[in-house]
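Before any comments, here is the structure.
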Amino acid sequence: MVRLGRQVRFSITPFLDTPGPGFNAYASKPAGEGLSLFLELAVELVAPAAPQTGLLVNVSDIDRAVRRHAVPVFTERVREHLRRGEHIGFDRIAALLRQAGTHLGDKFGPARLERLALKWNPFRKLAMDMNAPDLLYFSEKFEFAATHKLWNDGFSEAQNLRVFGKCANPTGHGHNYLVEVTVRTPAAGPDLEVGRFEQVVDEHLMQVVDHKNLNVDVPAFRTRIPTVENIAVFAWECLVGRFDPAQLHCITVWESDRTYCSYYG
Ligand code: NI
C-alpha cells in the first residue's frame with residue numbers, strides 16, 4: 001500500500017454567479033474574480049500502485065473528480081452560509097469535509113479515500129480521517145528565531161566538532177524555526193477557539209524560545225542538546241494538556257526548509 005497526496009486549489013467568489021473556469025490550477029481553479037476565498041483541499045488516497053503504470057490514481061483524475069464532485073459542495077455551501085450571514089465555524093467546515101468525502105468516496109476505483117484536509121491560508125488547516133470522521137485535526141504554523149549550539153559537555157572539543165560539525169561553533173548560530181502544532185478535537189464538540197489556541201502556544205512555547213539563545217536562556221536545554229529532535233519533544237512537553245477539551249496530537253519543527261522533525265508524544 002502507498003499513500004498518495006494531491007492538493008487541489010480553488011477559489012470561491014462569494015457573490016458572483018459565474019466565477020469563470022480558470023486556466024492555472026497551480027494558483028487556483030476556478031480562479032476567483034476580484035477578492036475571493038482561496039481554498040486548498042488536500043486529498044490522500046491509499047492503495048497499491050498498479051503494476052502496469054506505477055500509478056495509484058492518475059493525479060489528473062484526482063483533480064477532475066475533486067473539481068467535479070467536491071468543489072461544488074464547498075462553493076454552494078459557503079455561498080449559502082455567507083448569503084445568510086452565518087459564521088462558518090469548525091463544525092460547518094467539518095460538515096463540508098464530510099459531505100465532500102461522501103461525494104468523493106467511490107470516485108477513485110480501488111483506491112481508498114483516507115483523509116481530506118482543508119487549508120484556508122498557508123498556515124492553517126483542518127483535516128479529517130475518513131474512517132474516523134468524528135475527529136478533527138487542526139494545525140497551525142508559528143515562527144520563532146533562536147540561536148543554538150550543538151555541543152555535549154561530556155565530549156572533547158575534537159569529538160564535538162567531529163559529531164556536530166559547524167553546528168558546534170562555540171558562539172552558536174541561528175535559525176528561523178517553524179513549528180506546526182496539531183490538535184485533535186471532537187467534530188461534535190465545542191468549536192476550537194483559534195485565538196485561545198494561539199494564546200496558549202504563544203504563552204507556553206513562543207515566549208520561551210523566540211529570540212532566545214536556547215542553550216543559555218531555556219533551562220531545559222542546559223541539560224539537553226537543542227537539536228531539532230529535542231526541540232520538537234520540548235515543544236510537546238510545553239503544550240501537552242493545555243488545549244482542553246482538544247488534545248495535542250503532533251508537533252513538527254522545521255529548522256530549515258530541508259530539515260524537520262515530528263513528535264507525536
Ligand atoms: Ni543549527
Side-chain angles (χ1 to χ4, degrees), residues 2-7 26 40 42 44 115 117 119-127 137-184 192 194-243 246-265:
V2 288
R3 182 184 279 239
L4 176 70
R6 175 73 171 172
Q7 293 172 1
Y26 182 75
E40 184 175 276
E44 285 183 21
R115 184 172 246 242
K119 217 185 229 188
W120 58 90
N121 77 30
F123 318 103
R124 284 185 191 154
K125 67 179 178 201
L126 193 70
Y137 298 84
F138 173 69
S139 305
E140 181 163 318
K141 285 180 180 165
F142 297 78
E143 181 195 41
F144 70 92
T147 300
H148 74 164
K149 176 176 81 166
L150 303 189
W151 188 274
N152 183 332
D153 286 334
F155 292 172
S156 68
E157 189 175 339
Q159 234 175 333
N160 272 301
L161 290 171
R162 195 168 53 246
V163 173
F164 299 116
K166 58 186 178 183
C167 298
N169 176 41
T171 49
H173 65 279
H175 294 281
N176 288 323
Y177 291 92
L178 287 179
V179 183
E180 186 175 64
V181 180
T182 301
V183 293
R184 193 174 57 233
L192 183 83
V194 175
R196 172 77 192 123
F197 163 86
E198 289 181 341
Q199 193 183 7
V200 169
V201 177
D202 180 64
E203 189 179 329
H204 296 281
L205 180 62
M206 291 302 132
Q207 288 185 28
V208 178
V209 292
D210 189 27
H211 284 68
K212 298 288 167 65
N213 180 332
L214 298 179
N215 302 67
V216 177
D217 300 328
V218 182
F221 292 120
R222 291 188 193 141
T223 51
R224 275 189 265 182
I225 304 167
T227 56
V228 68
E229 295 91 327
N230 281 341
I231 295 170
V233 174
F234 173 71
W236 177 280
E237 291 166 357
C238 290
L239 297 177
V240 69
R242 297 198 185 274
F243 300 106
Q247 307 269 317
L248 183 60
H249 178 69
C250 176
I251 298 278
T252 300
V253 179
W254 283 262
E255 191 171 79
S256 69
D257 57 1
R258 293 183 296 162
T259 308
Y260 63 93
C261 181
S262 296
Y263 186 63
Y264 289 82

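Note that ligands are numbered from 1 as they come in the structure, with each ligand's atoms numbered from 1 the same way. On a predicted model such as this, the values are computed, not experimentally measured, just so you know.
- A heavy-atom distance below 4.5 Å is not found between the side chains of Thr147 and Leu214.
- Counting heavy atoms from C-beta on, the side chains of Leu178 and Glu143 come closer than 4.5 Å.
- Annotation: protein N, O or S atoms under 2.8 Å of the Ni ion (ligand 1) (waters excluded) comprise His148 NE2, His173 NE2, His175 NE2.
- Residues Tyr260 and Glu180 have side chains not in contact (no heavy-atom distance under 4.5 Å, counting atoms from C-beta outward).
- For Lys149, the NZ atom sits in a packed shell: over 12 heavy atoms of surrounding residues, nucleotides or ligands are nearer than 6.0 Å.
- Under the ring pair (Phe, Tyr, Trp, His ring centres under 6.0 Å) criterion, the residue pairs touching residues 155-182 are Phe144-Tyr177, His148-His173, His148-His175, His173-His175, His175-Tyr177, with sequence neighbours excluded.
- Ring pair Trp120/Phe138 is parallel by interplanar angle, where below 30° counts as parallel and above 60° as perpendicular.
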